[in-house]
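All remarks here apply to the structure that follows.
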Number of protein chains: 2
Amino acid sequence: MTVTLADVAARAQVSPATVSRVLNGNYPVAATTRERVLRAVDELDYVLNGPASALAAATSDLVGILVNDIADPFFGIMAGAVQSEIGGPGGRAGGERLAVVCNTGGSSERELTYLTLLQRQRAAAVVITGGAVEDPLHAEAMAGKLRRLGEAGTRIVLCGRPPVQDTGAIALAFDNRGGGRRLTEHLLDLGHRRIGYIAGPEERTTTRHRLEGHRDALKAAGVDECATVHGPYDRRSGYEATRELLRQDPDLTAIVAANDTVALGACAALREAGLRIPEDVSVAGFDDLPFSVDVVPALTTVRLPLYEAGARAGRIAMGREAEPPGKMSVIAGELMVRGSTARPRT
Amino acid sequence: MTVTLADVAARAQVSPATVSRVLNGNYPVAATTRERVLRAVDELDYVLNGPASALAAATSDLVGILVNDIADPFFGIMAGAVQSEIGGPGGRAGGERLAVVCNTGGSSERELTYLTLLQRQRAAAVVITGGAVEDPLHAEAMAGKLRRLGEAGTRIVLCGRPPVQDTGAIALAFDNRGGGRRLTEHLLDLGHRRIGYIAGPEERTTTRHRLEGHRDALKAAGVDECATVHGPYDRRSGYEATRELLRQDPDLTAIVAANDTVALGACAALREAGLRIPEDVSVAGFDDLPFSVDVVPALTTVRLPLYEAGARAGRIAMGREAEPPGKMSVIAGELMVRGSTARPRT
DNA sequence: ACGTAGATAGAAAGCGCTTGCTATCGAGGG
DNA sequence: CCCTCGATAGCAAGCGCTTTCTATCTACGT
């Protein structure tokens, strides 16, 4: 059998209670006793039984992080940031917390399933990243689940997603709408009038907000909306959408993509069509992922402070940073003008 | 209080034992009884207490995944693949498993710490990705930890890392040496003789193997080794290393980078120095991350089947795929020749 | 010198679930 | 018609830890 608390206690000639207290450091123990216990722990290679501890103490050191796609740096960066903040000092036993990263693949059911699994583990906190699916049924199920989680003592922070009413969840939302608007304004300022738009998957808040910002800008400038195509947030989608866009409107002079990854696909399709960037067609992305500055030409995009947002979400989840007033904070993006956008040919 | 098994039992007018058996589905229960229990579970919104269950059953549904950097797609892709395989059917209660992704940041101590934490949680399995640190002390500590984990019933799979003796851990190693050799051979075939090398961080297996492959190729061709610079696996390192390389040998005609991300930095530095790729200097990477085909010119690199390897590691960890003979399998890389390499100027 | 507060340590009662063993019931077999 | 066996369900003993309450012992204050 594996070594238990009792074994350590026997070896150190103290009661199990004392060993527990030494390990948790939340109760006065004489230095010599502590010494003896620690030595026994070491000699026996004792490792605390997490489930037993969690059961008895009714707490756990697991923190859940929900992401759409762990292979996408957009989420990876946020997840890494959250993780870097939840460990470290504070709390019990060295305050070691484990991050449970859950890949929802953007599916709302899996989102719910994972939340149930985290609830089952009695997670200390949950950080949910990425936009929400805008299905009323799902929204309701989600709200209910979050409410129950909150009641069970799990802290919930939404990172890059709009607030969910009546759940007590804290929301750190990105200003996708403002970013989308500024990006299109930039293109309009350069003189573009025929701007194709590659939107993300439908029925998602992020997609809608970015698209709304785009339309706001067009409307304010009195410019008619040009072709818009929806697709997933991946490179392939950008490639295919661009071919479609070019078919619908061969005269467009600029393309705005749902995010940087999609923009990459768009660039590939454009080049394949023999069009130069930005001389023939300007391209803009969103997010400013690390590679965006390296592609040639460097991508004009809207920078989202992903790491900072994730870190903040992590701190709030751990109660190490005050919640924003109104349990909600909007994080602005910053327009990064680079080589992929220029004046249209005259 | 939250709802417990006993509450469900009371409502369904059965014993707690029966509820447990319905939930775990590992014991015959009459259809009508099961029906009644399930209804009660539903009506009470009951969620199993994971820690209690894990304690009583001495098993857990947590699977650990160790990665160096979750924000790096190299690891993100593998982690996502592992995760996609560990869920799904098989095992208890719908077989829902939770992936605990641990960011070691490449630090060997944190690696050990996380393993202890996973041991504490009595993880069902652990998948360790990324190269190992080659410090004898650490290697020994690691071997001991893995052995103890294995003895406690945790299945261990190393993914992209060489085997550790006497631990029973299964290893899926990448053929970094062979890949490195082929890459340099390709450059030599093109006619390059002055090839700068940007290696990864020192004292790591991945770094060493790739570098050895490079040197093997040079030696076989009777070509003298050119400048080599070490640095972390990130873009910035590639940028700085390239400036250094150019300083050491202004006449080099090709640069081999430790991985694609580093290669990106190298490209940036070369362009900044007014050098064209591949006309003036050829550049090659390693890994073939998704963006590598999109940069301009597209990167010549060695493709590693990251997703497939991760998926396989996940399946082996879940016991759904036979272990490779000798508990070890070498996964080859594939040379992808693209636009970033060409004959040197004559 | 005696009472008492303060500092430690131990005893024991669970935390909520799983599971080996036992009990019950009905259906066949002899 | 009695006995045995198969199918279900319940009992109760833990799993290994935390924590409340109690017991000791030492050190002072007066």
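The figures here come from the full heavy-atom set of this structure, side chains too, leaving out hydrogens, waters and symmetry mates. Below, read A as the first sequence line, B as the second, and so on, with proteins coming before strands; counting in each chain starts at 1.
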How close or far is atom [atom2] of [N] from atom [atom1] of [X], stated in whole angstroms?
X: A:Leu5; N: C:dA12; atom1: CG; atom2: C1'; value: 15 Å
X: B:Asn24; N: C:dG20; atom1: CG; atom2: C1'; value: 15 Å
X: B:Arg36; N: D:dT8; atom1: CZ; atom2: P; value: 14 Å
X: B:Asp7; N: C:dG16; atom1: CG; atom2: P; value: 9 Å
X: B:Tyr46; N: C:dG16; atom1: OH; atom2: C1'; value: 7 Å

Exercise. Within a reach of under 6.0 Å around CD of A:Glu43, are more than 12 heavy atoms found that belong to other residues, nucleotides or ligands?
Worked result: yes
For this session: Please say whether more than 12 non-hydrogen atoms of neighbouring residues, nucleotides or ligands are located less than 6.0 Å from CD in B:Glu308.
Result: yes
Exercise. A:Pro51 or B:Ala17: which one's nearest nucleotide on DNA chain D is closer to the 5' end?
Worked result: B:Ala17
Exercise. Taking for each residue the nucleotide of DNA chain D bearing the nearest heavy atom, is the 5' side occupied by B:Val14 or by B:Arg122?
Worked result: B:Val14
Any [X] side-chain nitrogen or oxygen under 4.0 Å from OP1 or OP2 of [N]:
X: B:Ser15; N: D:dG10; answer: yes
X: A:Thr33; N: C:dA9; answer: yes
X: A:Ser20; N: D:dC17; answer: no
X: B:Thr18; N: D:dG10; answer: yes
X: B:Ser53; N: C:dG16; answer: no

Exercise. Could one point to a donor on the side chain of B:Tyr27 or the base of D:dA7 with an acceptor on the other under 3.5 Å away?
Worked result: no
Problem set entry | Base of D:dG16 paired with side chain of B:Arg120 (donor-acceptor, under 3.5 Å) | no
Seminar exercise, completed: The residue, B:Arg21 or B:Ala52, whose nearest nucleotide of DNA chain C is more 5′ is B:Ala52
Run the salt-bridge test on [X] and [Y] with the 4.0 Å N-O cut-off and return the result as yes or no.
X: A:Glu111; Y: A:Arg161; value: yes
X: B:Arg312; Y: B:Glu321; value: yes
X: A:Glu85; Y: A:Arg320; value: yes
X: B:Arg147; Y: B:Asp166; value: no

Exercise. So what does B:Val19 hit on the nucleic acid, given a heavy-atom distance under 4.0 Å: a base, only sugar-phosphate, or nothing?
Worked result: nothing
For this session: Could you tell me whether B:Asn26 contacts a base, only the sugar-phosphate backbone, or nothing, with contacts defined as non-hydrogen atoms closer than 4.0 Å?
Result: sugar-phosphate
Nearest to side-chain heavy atoms of [X], which nucleotide of [options]:
X: B:Asn49; options: C:dG16, D:dT18, D:dG16; value: C:dG16
X: B:Leu48; options: D:dT18, C:dT18, D:dG16; value: C:dT18
X: A:Pro28; options: D:dC17, C:dG10, C:dT8; value: C:dT8
X: B:Thr4; options: D:dG16, C:dG16, D:dT19; value: C:dG16
X: B:Ala56; options: D:dG10, C:dT18, D:dT19; value: C:dT18
X: B:Leu55; options: D:dA9, C:dT19, D:dC15; value: D:dC15

